[in-house]
**Q** 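What follows is a single structure, and I will ask about it in a moment.
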Amino acid sequence: MEPLILKQQLLAKAQELGFDVCRVAPATVPPHAEAFRAWLAAGKAGEMTWLAKNADKRTNPDLVLQGVRSIVIVAKSYTQPAPINASAYQIARYAFGADYHDILTPRIRELESVLEAVGGLQRSYVDTGPVLERDFAALAGVGWQGKSTMLISRELGAFFFLGALLSTIELPPDTPTKDRCGSCTRCIDVCPTSAITAPHHLDATRCVAYLTIELKGSIPEEFRRQIGNRIYGCDDCSAVCPWNRFAKVSTEAQFQAQENHLPTNLREFLSLTDDSFRALFRGSPIKRIKRRGFLRNVCVALGNTGTELDLPALQQATLDPEPLIQEHALWAIAEIQRRTV
């Protein structure tokens with residue numbers, strides 16, 4: 001089949017599946033391959049050891065799929081109107097609704113069928129494979145990598161998911177788009193922990209998203225106060241991006257906020273057992289940090305925003321079988337007492 005006609009069929013199928021964008025990048029060495037390796041060598045990935053384990057694949061797509069010729073990038077907006085429970089606590093917008101992996105993975109697998117029908121071999125991932133998706137998304141013209149290192153789109157703003165489909169079929173590539181950040185530094189200026197150390201340089205070990213999601217152990221005390229009332233991730237660098245003013249609220253119902261099932265007060269989370277935690281966050285990305293990580297975050301947020309009314313719940317948390325929760329509950333109590341004495 002003529003490659004251009006095949007690509008048109010692929011784009012039509014992507015639209016039918018609900019993707020907002022579908023574009024093609026050449027299967028080349030990612031533009032940031034060397035920078036990525038240097039970033040790893042400098043220890044900026046922290047405990048995300050899997051990034052180093054498959055660094056060779058991330059910098060050479062042919063090691064992911066031998067004979068790969070094209071990388072199809074799809075994007076789906078998750079733009080939401082307002083932060084969830086912002087007055088009491090904050091949760092990253094991507095976790096407002098259902099887990100995006102569960103929603104988008106079957107769709108991108110279905111997209112593979114267009115290429116399978118003409119004999120192609122494929123691999124597809126939604127944020128789970130050894131692929132530098134943002135590099136290829138930039139090559140395909142989905143957007144450009146902003147100073148926060150996040151991808152920004154003229155049409156979608158800064159809140160969208162990416163999926164990557166590697167194929168042995170050569171498709172006509174799209175052209176990259178211009179970097180449109182200009183002199184803006186809002187993302188750098190707003191970061192609560194100064195994790196964006198320079199334009200296009202992120203120290204993940206300082207990032208609130210890393211500290212509240214990827215870090216499995218104790219949150220360093222030097223960052224706890226800056227975390228504020230964030231209990232899962234952080235949207236600050238993306239939320240201030242001026243390009244969001246052109247983005248429409250996501251049409252995907254499963255990404256919409258489901259606030260009615262969550263407590264309105266932080267201390268109520270401290271009564272969660274393992275079973276009730278799993279029940280509360282079934283189908284949510286939050287489930288991945290487990291009860292111990294989530295209640296660790298809740299204790300930090302209470303230490304920053306709590307009052308004497310929260311002390312009984314925190315005292316009870318100091319008796320929790322999980323030492324990680326005990327430690328952060330004790331810190332929170334000390335912080336509240338420091339503010340109220």
**Q** Could you give the distance from CZ (Arg107) to CD (Glu112), rounded to the nearest 0.5 Å?
**A**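 Arg107 CZ to Glu112 CD: 15.5 Å, rounded to 0.5 Å.
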
**Q** Should we count CD of Gln66 as having more than 12 external heavy atoms under 6.0 Å?
**A**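 No, the 6.0 Å shell around CD holds no more than 12 heavy atoms from other groups.
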
**Q** Distance from Ser70 atom OG to Ile169 atom CD1, nearest 0.5 Å?
**A**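 Ser70 OG to Ile169 CD1: 8.0 Å, rounded to 0.5 Å.
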
**Q** For Gly233, is there any backbone N or O sitting under 3.5 Å from a side-chain donor or acceptor partner on Thr212?
**A**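 Yes, Thr212 side chain to Gly233 backbone: donor-acceptor pair under 3.5 Å.
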
**Q** Is the shortest side-chain N to carboxylate O distance from Arg186 to Asp189 below 4.0 Å?
**A**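 Salt bridge flag = no for Asp189 with Arg186.
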
**Q** For a 4.5 angstrom cut-off between non-hydrogen side-chain atoms, does His32 reach Gln145?
**A**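 The answer is yes, as the side chains (C-beta and beyond) meet within the 4.5 Å cut-off.
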
**Q** Would you find a donor on one side and an acceptor on the other, under 3.5 Å apart, between the side chain of Asp320 and the backbone of Gln316?
**A**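 Between the backbone of Gln316 and the side chain of Asp320 there is no qualifying donor-acceptor contact (under 3.5 Å).
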
**Q** Would you name the heavy atoms of Leu165 and Ile108 that are closest together and state the gap between them?
**A**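 Taking every non-hydrogen atom into account, CD1-O, 4.0 Å.
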
**Q** Please determine whether salt bridge (charged side-chain N to carboxylate O under 4.0 Å, His left out) holds for the pair Arg224 and Glu335, giving the CA-CA distance in whole Å, both sets of side-chain angles, and the decisive distance to 0.1 Å.
**A** CA-CA 10 Å; Arg224 292 182 189 178; Glu335 287 294 291; over 6 Å; no

**Q** Are Val208 and Pro192 side-chain neighbours, meaning at least one heavy-atom pair lies under 4.5 Å?
**A**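 Yes, their side chains come closer than 4.5 Å.
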
**Q** Do Ser250 and Phe160 touch side chain to side chain, with heavy atoms closer than 4.5 Å?
**A**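 No. Closest side-chain heavy atoms not under 4.5 Å.
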
**Q** Can you see which heavy atom on Glu170 is nearest to which on Pro3, and at what distance?
**A**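 Smallest heavy-atom distance, with atoms named: O-CB, 3.9 Å.
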
**Q** What heavy-atom pair brings Asp20 and Ser77 nearest, and what distance separates the two atoms?
**A**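 Looking at all heavy atoms of both residues, the closest pair is OD2-N, 2.6 Å.
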
**Q** The test is side-chain hydrogen bond (donor to acceptor under 3.5 Å, both in side chains); show your working for Arg206 and Ser194 and say whether it passes.
**A** CA-CA 7 Å; Arg206 301 180 64 89; Ser194 301; 4.9 Å; no

**Q** Do Phe255 and Phe161 make the cut of ring centroids closer than 6.0 angstrom?
**A**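 Under 6.0 Å, so yes.
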
**Q** Does NZ or CZ of Arg154 fall inside the cone over Trp243's six-membered ring, less than 6.0 Å from its centre and within 45° of the axis?
**A**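 Negative - Arg154 is either too far from the ring of Trp243 or too far off its axis.
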
**Q** CD/Gln226 to CD/Glu222 distance, rounded to the nearest 0.5 angstrom?
**A**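 These two atoms lie 8.0 Å from each other.
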
**Q** Counting C-beta onward and ignoring hydrogens, is there a side-chain heavy-atom pair between Cys237 and Cys191 closer than 4.5 Å?
**A**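 When only atoms from C-beta onward are counted, Cys191 and Cys237 do not touch, as no gap falls below 4.5 Å.
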
**Q** Among Tyr89, Tyr232, Phe281, which one satisfies ring pair (Phe, Tyr, Trp, His ring centres under 6.0 Å) with Phe294?
**A**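 Testing each of Tyr89, Tyr232, Phe281 against Phe294, the sole residue satisfying ring pair (Phe, Tyr, Trp, His ring centres under 6.0 Å) is Phe281.
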
